[in-house]
2 protein chains.
Amino acid sequence: MKRKVTLKQIAKELDVSISTVSKSLKDSTEISEDTRLKVQAFAKLYNYKPNNIALSLKNKKTKTIGVIIPEIVHHFFATVISGIEHLANENGYNVMVCLSDESFDKEVINMEMLANGSIDGFILSLSKETQLKRDFHHITEIINQGMPVVMFDRVTNDILCDKVIIDDNLAAFNAVQTLIERGMKKIALITTVDYVSVGKLRTDGYIKALKTNDLKVNNELILKIEDIDNCENLIEDLIKNNKIDAVFAVNELFAVTAIKAASKHNIKVPEEMSVIGFTDGIISKYASPSITTVSQNGIKMGEKAAKMLIERLESDEWDDEQFKTEVIETHLVERESTK
Amino acid sequence: MKRKVTLKQIAKELDVSISTVSKSLKDSTEISEDTRLKVQAFAKLYNYKPNNIALSLKNKKTKTIGVIIPEIVHHFFATVISGIEHLANENGYNVMVCLSDESFDKEVINMEMLANGSIDGFILSLSKETQLKRDFHHITEIINQGMPVVMFDRVTNDILCDKVIIDDNLAAFNAVQTLIERGMKKIALITTVDYVSVGKLRTDGYIKALKTNDLKVNNELILKIEDIDNCENLIEDLIKNNKIDAVFAVNELFAVTAIKAASKHNIKVPEEMSVIGFTDGIISKYASPSITTVSQNGIKMGEKAAKMLIERLESDEWDDEQFKTEVIETHLVERESTK
DNA sequence: TTTCAACACGAAAACGTTTTCGTTTCATTT
DNA sequence: AAATGAAACGAAAACGTTTTCGTGTTGAAA
């Protein structure tokens, strides 16, 4: 077992100073060709690689990005991470991932943990609980300490920082508008509780589309689901008890569950009922019928977020206090669940 | 913007030495109560938190686990990460995630990057390309440097280290055995190319089950897919051209694609054809019909891998050179695609 | 009064780098 | 022969900790 070799060991072995070794390896002209080559050969032989931790301490830069997300077993968040990781890697950064599990406390603990030197900046999406509590002191504090933060998807106006989002409101509006244009009148909405920012925005888009087209907003057709694990019965009731033309769901899980409920009651999709979901994930693609969705390009969001963060990190320190909000384009991916 | 405060700054502010500050914060009895309280109050006021990087350098421990996986936009790997992250977090560890994108070179680069001090140990699953090349020197080298490695799922006998796997062979055998017991005779296999370790093992299990039951192994019923993105046509041909009783697929993607192909040709699942998949993921759950699968508990695998790694890290340094291979239990999750 | 603990604190090394600023040596110029 | 200057290298600080080992000041015991 040969342990990693350090500058000190090389120096001792070759009977020169640590400085000489360091300079030699950096091809400094200060060192004679003789010693330079000798040191380099020795270093290569022993496979010397500088210690990242020591470099981090010296440079006050870790070249690491911290990512805090609510969960990872979730197609959208997984794609975002993928985007972040790739862009980070291209730029010589590594990625530390922490899960908040939708919990405020875990979000706080994880952020404080990482903020103490482990990383250079954050990319994060708020947990449900944090959105419910509207308590963001842990994030503003970190920003105040001079650490850049980029938020994505689940963001809030209460924090000033760079953000990457989609236009949830508009995307929902367009989706519902499409349904209306195709003749649907009785359109149900399956959404989350209001404190989830994106859920609220999509709900607003739905309502706006109805109003724009002089359709009544019927609260019986709006289902707000708190506990995602027990949504089947609620959705089944909604579909069974109302003669619905179409369903707009704010995520794919609700969409596929609606389709399953319809099929259970012999309602044909899309002939008798159209369904549009949100987030173009794996379920929508492989469900039967496959589901028309609003695409939400997680890869792009991740890449954009990483790019913004790295640019801040490498700009000359806070030269520009103007924070930006980038809006990622969405579009409707038409599949079999709409006619 | 108030930057993070250090021991040195506190020391200067209170006109004591750095040592005194450090000891005070650690409640050392060496320090008088007076100064101790004074220092603690000041530290609290300025929200002092020790710098992780400095601690890592001093302790030669980063309290960070490196994870290398082929991709993350993949339900199984996402669940594994989830398991790793939770167990790591419980034990005060953080997780750095790197994606190899199924590429040998990226796997090597990422590992070398992290091995230079950034992490205490690795958890990894081999990329396809690495499995194809059978070149593992980058991993053995890291192990030789004294860094613990735990491999999961896609492992190899060529490396001596801790491992976490499922019994792919047995699980496949049992799945096919179940099909046979229910009267199926013409059972197709949709699998990967042989160099993917788990694909090969599952293929062997399929063959073994047939042979055990004196059924002929018909190569026309075995489809080995290289390019996962273009599997539809191949699978459709397989199903169209053979009157098949059942399909055993080595992942859920193949399984759902088989079902779609069947439905396209008006073959009813499960009435005319049963389907069993592998990896109990989100597709299987939400497909129509939902798919019977061999469960492969990624959370448990991740937790187990993290546990083994942390135990090695915190044991008294290589006290035990015996590496273990943990086998995670699987079982058949029965759904609608089998009768 | 001397001696010796106990007490309270500080200096310094160590972790592994990079980099600035000497210092020594030797050859060249005046 | 003295002065200058380049060439080649080393010492030391710095990043932020922890910890060992002093050291100076007390008070009490001898």
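These numbers come from a predicted model, not from an experiment. Residue numbers start from 1 in every chain, and the chains themselves are labelled A, B, ... in the order their sequence lines are given, proteins ahead of strands.
Dashed line: the shortest gap from a side-chain N or O of B/Lys4 to OP1 or OP2 of D/dG16 is not under 4.0 Å. For C/dG16, neither phosphate oxygen OP1 nor OP2 lies less than 4.0 angstrom from any side-chain nitrogen or oxygen of B/Lys58. For C/dA14, neither phosphate oxygen OP1 nor OP2 lies less than 4.0 angstrom from any side-chain nitrogen or oxygen of B/Lys60. Look at A/Ser22 and you'll find a side-chain N or O under 4.0 angstrom from OP1 or OP2 of C/dT18. The phosphate of C/dC9 has OP1 or OP2 within less than 4.0 Å of a side-chain N or O from B/Thr35.
Taking the nucleotide of DNA chain C with the nearest heavy atom to each of B/Ile31 and B/Leu57, the more 5' of the two is matched to B/Ile31.
Atom-to-atom, NZ of A/Lys49 to C1' of C/dT17 comes out at 16 Å; the value is rounded to the nearest Å. When the P atom of D/dA8 is taken as reference, atom CG of A/Asp34 falls 9 Å away, rounded to whole Å. B/Lys12 places its NZ atom 13 Å from the P atom of D/dG16, with the value rounded to the nearest Å. Between B/Glu30 atom CD and D/dC21 atom P the separation is 12 Å, expressed in whole Å. Here D/dG16 presents its C1' atom at 14 Å from CG of A/Asn59, a figure rounded to the nearest Å.
From A/Ile119, atom CD1 reaches atom CD1 of A/Ile65 across 9.0 Å, with rounding to the nearest 0.5 Å.
Judged by distance alone with a 3.5 Å cut-off, a donor-acceptor contact links the side chain of A/Ser19 to the base of D/dA11. The base of C/dG10 sits with one of its N or O atoms less than 3.5 Å from a complementary donor or acceptor on the side chain of B/Lys23.
The pair B/Asp162-B/Arg312 meets the salt-bridge criterion, since a charged nitrogen lies less than 4.0 angstrom from a carboxylate oxygen. The pair A/Lys106-A/Asp101 meets the salt-bridge criterion, since a charged nitrogen lies less than 4.0 angstrom from a carboxylate oxygen. A salt bridge between A/Glu102 and A/Arg154 is present, with a side-chain N of the basic residue lying under 4.0 Å from a carboxylate O of the acidic one.
The side chain of A/Ser32 approaches D/dC9 more closely than any other nucleotide in the set D/dG10, C/dT18, D/dC9. For A/Thr20, taking side-chain heavy atoms from C-beta onward, the closest of the listed nucleotides D/dT17, C/dT17, D/dG10 is D/dG10. Checking C/dA11, C/dT17, D/dT19 against every side-chain atom of B/Ser17, the shortest atom distance belongs to C/dA11.
The residue B/Leu55 sits close only to the backbone: its heavy atoms come under 4.0 Å of sugar-phosphate atoms, none of a base.
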